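Structure record follows, encoded as structure tokens.
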Amino acid sequence: MGRPEFGERYGEQVAAAYNRMAEEYDRFDAGTAFFINDYRVTRAALEALRSRWEGRVVLDVGAGTGLQTGQFAPRARRVLALDLAGDLLRKAREKVAARGCQNVTFLQGDATTLPLDDASVDFVCCYGDVIGLIPDYAAAIAEMARVCRPGGIVTVQYDSKWHVGLLWRPDELAGAVRARGVGDKRIWTYTYLRRPERVDFVYKTYTGREMTRLLSAAGLRVIRRLGLHMLSSIVPEPYQTVYKDGQPFYETFKRVIVTLGRLDFALQALPGASRVGYAAILVAEKPLSV
Ligand SMILES: C[S@@+](CC[C@H](N)C(=O)[O-])C[C@H]1O[C@@H](n2cnc3c(N)ncnc32)[C@H](O)[C@@H]1O
């Protein structure tokens, strides 16, 4: 497909593109420096919040092949794994079944219209930059806040507008400068491993202030901020997400990026880190009384 339109039909295009990725999604993520670094932070962030989801009801928005669902399932009371892409959910279902978890419900649907009751969930997780793929992101955040119970948590990972890698991307830098005060659109090109095909995804980026405003407008209060890919963004993004398993030159290169990612991991919670990395995580709480 050519460059998709970030509008009403974008969800269909996203689902189709991800469905075609179903058989290779996990291999790509596990073999790519960017995602090795990414999952180090997201896994640790969820472990740090374990007391808020262990033994409770968790909603995984944009669950994909179940990378976060698989972390929750053995210790949550129930996990609701929602995604537009049915083939990715099928992979997630196979994985949790292989681990013997029977507490996961898979929901094929749209984050902007969650098929759940108000205040029915203790912990909402939206990781893997799902929010960047949703044109009506404010509606998705409002939905996550609606289904979260007072005292519960909503945590969102998003692509940041500003990061040092923009120095390699004059087009994106110019767009970012033009979009004053809010995020811009980022194009991410994925080359399929198993078919002669590439796809451009449009991701909306956010400033930390913008995402905080969106969460606040939905009645949530930000309690924690983490940055991802701060130092590692020095390496141009296409080199971070290239997949060439087993090639010696590439493996050396990958080790350098993963080492930068370990340094990032040590810096993730520093004040300001969430503003300068390629991506960020915000953790927000729904106050007991609004
Ligand atoms: C980059 S993947 C992340 C999957 C998983 N959370 C992870 O970290 O591996 C983005 C996911 O968002 C899903 N997605 C995009 N738009 C969505 C929407 N409007 N509602 C539900 N899921 C959506 C896609 O189908 C895809 O599975």
Side-chain angles (χ1 to χ4, degrees), residues 1 4-32 34-46 58-73 79-93 95-96 104 106-116 123-144 147 154-159 185-190 192 199-205 228-229 237 240-241 278-281:
M1 108 180 152
E5 281 293 313
F6 195 69
E8 234 170 68
R9 311 291 297 271
Y10 188 52
E12 289 167 34
Q13 297 174 313
V14 163
Y18 273 107
N19 277 331
R20 284 199 294 279
M21 222 188 268
E23 296 305 321
E24 61 190 48
Y25 185 99
D26 289 347
R27 191 148 66 96
F28 177 76
D29 273 12
T32 319
F34 181 90
F35 291 103
I36 292 170
N37 289 337
D38 208 78
Y39 287 113
R40 187 186 295 114
V41 180
T42 54
R43 276 198 77 80
L46 293 180
V58 177
L59 169 65
D60 185 1
V61 178
T65 61
L67 292 175
Q68 290 82 31
T69 290
Q71 187 174 352
F72 294 128
V79 184
L80 305 156
L82 177 131
D83 203 287
L84 279 178
D87 289 345
L88 293 197
L89 286 183
R90 183 174 44 75
K91 293 306 282 182
R93 187 192 296 274
K95 281 156 58 182
V96 296
V104 183
F106 294 93
L107 304 165
Q108 189 175 352
D110 195 317
T112 59
T113 50
L114 293 174
L116 300 170
F123 191 93
V124 183
C125 171
C126 185
Y127 282 5
D129 197 22
V130 177
I131 200 67
L133 289 166
I134 306 180
D136 196 351
Y137 46 88
I141 290 171
E143 278 292 86
M144 293 186 229
V147 303
V154 175
T155 179
V156 178
Q157 180 185 13
Y158 59 91
D159 270 10
K185 306 286 187 313
R186 174 172 294 162
I187 305 297
W188 183 62
T189 302
Y190 177 75
Y192 287 90
V199 60
D200 281 344
F201 287 97
V202 183
Y203 277 90
K204 185 198 166 337
T205 64
L228 296 90
H229 315 285
E237 189 275 326
Q240 295 196 53
T241 54
Y278 187 92
I281 287 174

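Counting convention: from 1, in listed order, for ligands and their atoms alike. Worth saying up front: this structure is predicted, and the values here are computed from it rather than measured.
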Item checked: Stepwise salt bridge (Lys or Arg N to Asp or Glu O under 4.0 Å) test for Arg27 and Glu24 -> CA-CA 5 Å; Arg27 191 148 66 96; Glu24 61 190 48; 5.9 Å; no

I'd like to check whether [X] has a polar contact with ligand 1, where a contact means an N/O of the residue lying under 3.5 Å from an N/O of the ligand.
X: Asp110; answer: yes
X: Gly62; answer: yes
X: Gln68; answer: yes

Checklist line | Check against salt bridge (Lys or Arg N to Asp or Glu O under 4.0 Å), Asp26 and Lys91 | finding: CA-CA 9 Å; Asp26 289 347; Lys91 293 306 282 182; over 6 Å; no

Next item on the list: Would you kindly specify which portion of Leu84 sits under 4.0 Å from ligand 1, judged on non-hydrogen atoms: side chain, backbone, both or neither?
Entry: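 It is both backbone and side chain that touch ligand 1.
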
Check: Which of the atoms of ligand 1 are close to Tyr25, meaning less than 4.0 Å from one of its heavy atoms?
Finding: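 Going through ligand 1 atom by atom, the ones under 4.0 Å from Tyr25 are 1 (C), 2 (S), 3 (C), 4 (C), 5 (C), 7 (C), 9 (O).
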
Checklist line | Candidate with minimal heavy-atom separation from atom 7 (C) of ligand 1, of Phe35, Tyr39, Trp188, Tyr18 | finding: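 Among Phe35, Tyr39, Trp188, Tyr18, the closest heavy atom to atom 7 (C) of ligand 1 belongs to Tyr39.
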
Notebook entry, point to check: Heavy atoms only: which of Asp60, Asp83, Thr65 is nearest to atom 24 (C) of ligand 1?
Noted result: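 Considering heavy atoms of Asp60, Asp83, Thr65, the nearest to atom 24 (C) of ligand 1 sits in Asp83.
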
Next item on the list: Please confirm whether Gly109 comes under 4.0 Å of ligand 1, counting heavy atoms of the residue only.
Entry: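 Checking ligand 1 against Gly109, which is what was asked, there is a heavy-atom contact under 4.0 Å.
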
Notebook entry, point to check: Does Leu88 have a heavy atom less than 4.0 Å from any atom of ligand 1?
Noted result: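 Right, Leu88 reaches ligand 1.
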
Margin query: Show the nearest heavy-atom pair for residues Val202 and Leu133, with the distance to one decimal.
Written below: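 Here Val202 and Leu133 meet closest at O-CD2, 3.7 Å.
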
